[in-house]
Amino acid sequence: MKSLLSQSWIFKRAMNFYPPYLFTGIRIKKLSRDFRQLTVAMPLRWYNQNYVGTHFGGNLFSMTDPWFMLMLIQVLGRDFKVWDQSANIEFIKPGSGVVSCDFVITDTLLQDIYQETEKGNKYLPQLIVHIKDEAGEVVAKVTKILYIRRKQR
C-alpha cells in the first residue's frame, strides 16, 4: 500500500476520499510529483461551520494535520522516521468562504534535516503554515513540530 501511495496522483485521490477529509470538505487541490508542494482547500458548508457561521476551528486545524509529515516521508524515503510531535494553532480572524493553505518542502529544510540527523540525532524542525481566505488574508497560523531521525541500519 505504501509503495502504491508513493505516486502523487494516487496519493492525492486516496487522501481526498479519506473519510475525515471527505466529510469535512478538505481537499488536496495541488500536489507536485515530487511531493514538495501541496495545496489544501476547504469550502464553508453547513456541515463544517461553527455556531456563528464561520469555519469550525477543528476543521481548520485538520487542514494542516498530517501534510508535512506525509510529504517528508515521501521525500526522505525509508531511511528516516518522521512523526508529527506537536502543533499549535493561533486563530487570527474568522474564516468564511473557501480557505486554503500551502505546504512547501524547501531545499533549505532538506539540507537542515540531512545535516542535523547525520550522526543519528533527532531533529525537531518547527514548520509554520498559514491558512488563508479567498482574499489572501490569514485566518489562522499553525506551528507544527516534527520529529525526524535517521533509522539505524
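- A donor-acceptor pair under 3.5 Å is absent between the side-chain atoms of N59 and the main chain of F56, judged by distance alone.
- At least one side-chain heavy atom of P125 sits under 4.5 Å from a side-chain heavy atom of I148.
- A heavy-atom distance below 4.5 Å is not found between the side chains of V139 and I92.
- Using a 3.5 Å distance cut-off with no hydrogens or angles, the side chains of S8 and R33 do not pair a donor with an acceptor.
- For the atom pair E116 CD and Y123 OH, the distance stands at 5.5 Å (nearest 0.5 Å).
- The ring-ring contact (aromatic ring centres under 6.0 Å, His included) search around Y18 returns Y21, not counting sequence neighbours.
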Discussion item. As a quick check of understanding, evaluate ring-ring contact (aromatic ring centres under 6.0 Å, His included) for F23 and Y47, giving each step before the final call.
Written reply: CA-CA 8 Å; F23 295 116; Y47 53 82; 8.6 Å; no
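- Side-chain contact between K151 and D79 is absent, with no heavy atoms from C-beta onward closer than 4.5 Å.
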Item to complete: Determine, step by step, whether F17 and M15 satisfy the side chain to side chain contact (heavy atoms under 4.5 Å, CB included) criterion, reporting the C-alpha distance in whole Å, the side-chain angles of both residues, the deciding distance to 0.1 Å, and the verdict.
Response: CA-CA 5 Å; F17 284 100; M15 293 310 290; over 6 Å; no
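- A donor-acceptor pair is defined here as one N or O able to donate and one able to accept, closer than 3.5 Å; such a pair exists between the side chain of R149 and the backbone of G120.
- For the pair K30/L38, no side-chain contact is recorded, criterion being any heavy-atom separation below 4.5 Å from C-beta on.
- Looking at S100 and V40, their side chains never come closer than 4.5 Å, going by heavy atoms from C-beta outward.
- F61 and M63 fall within a single hydrophobic cluster, where Ile, Leu, Val, Met, Phe, Trp and Tyr are joined by side-chain heavy atoms under 4.5 Å apart, directly or via other members.
- Taking 4.0 Å as the cut-off between side-chain N and carboxylate O, K29 and D102 do not count as a salt-bridged pair.
- In terms of modelled atom types and a separation under 3.5 Å, the side chain of S32 and the main chain of Q37 share a donor-acceptor contact.
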Worksheet item: Is there a side chain to side chain contact (heavy atoms under 4.5 Å, CB included) between I105 and D34 once you walk through the steps?
Response: CA-CA 10 Å; I105 305 298; D34 63 1; over 6 Å; no
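- The side-chain heavy atoms of M71 and I73, taken from C-beta on, include no pair separated by under 4.5 Å.
- In this structure, V75 is not a member of the same hydrophobic cluster as V104, with clusters built from ILVMFWY side-chain heavy atoms closer than 4.5 Å.
- A salt bridge between K93 and E137 is present, with a side-chain N of the basic residue lying under 4.0 Å from a carboxylate O of the acidic one.
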Practice prompt. Please assess L110 against L72 for the test side chain to side chain contact (heavy atoms under 4.5 Å, CB included), listing each intermediate value before the final yes or no.
Written response: CA-CA 9 Å; L110 291 176; L72 281 167; 4.1 Å; yes
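- Donor-acceptor pairing under 3.5 Å is recorded for the side chains of N50 and T54.
- Listed by chain and residue number, D65, M69, K144, L146 satisfy the side-chain contact (heavy atoms from CB on, under 4.5 Å) test with D84 (two or more places apart in sequence, or in another chain).
- Once rounded to the nearest 0.5 Å, the distance linking CD1 of I128 with SG of C101 reads 13.5 Å.
- Considering CZ of R150 and CD1 of I113, their distance stands at 10.0 Å, rounded to 0.5 Å.
- Neither I26 nor L44 shares a network with the other; the hydrophobic side chains, linked directly or stepwise wherever heavy atoms of I, L, V, M, F, W or Y lie under 4.5 Å apart, form separate groups for each.
- Looking only at side-chain heavy atoms (C-beta outward), M42 and N48 come within less than 4.5 Å of each other.
- In this structure, V98 is not a member of the same hydrophobic cluster as F103, with clusters built from ILVMFWY side-chain heavy atoms closer than 4.5 Å.
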Discussion item. Before you tell me yes or no, could you show the steps for I131 and T64 under side chain to side chain contact (heavy atoms under 4.5 Å, CB included), namely the whole-Å CA-CA distance, both residues' side-chain angles and the distance that decides it to 0.1 Å?
Written reply: CA-CA 8 Å; I131 301 171; T64 67; 3.9 Å; yes
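- Cluster membership check: V99 shares its hydrophobic cluster with F91, using side-chain heavy-atom separations under 4.5 Å among Ile, Leu, Val, Met, Phe, Trp and Tyr.
- In this structure, the side chains of L22 and R27 come closer than 4.5 Å at one or more pairs of heavy atoms.
- With values rounded to the nearest 0.5 angstrom, L124 atom CG is found 7.0 Å from I145 atom CD1.
- Put simply, CZ on F68 and CG on L109 are 8.0 Å apart, with the number rounded to the nearest 0.5 Å.
- Looking at residues two or more places apart in sequence or on another chain, you find a ring-ring contact (aromatic ring centres under 6.0 Å, His included) between Y114 and F80.
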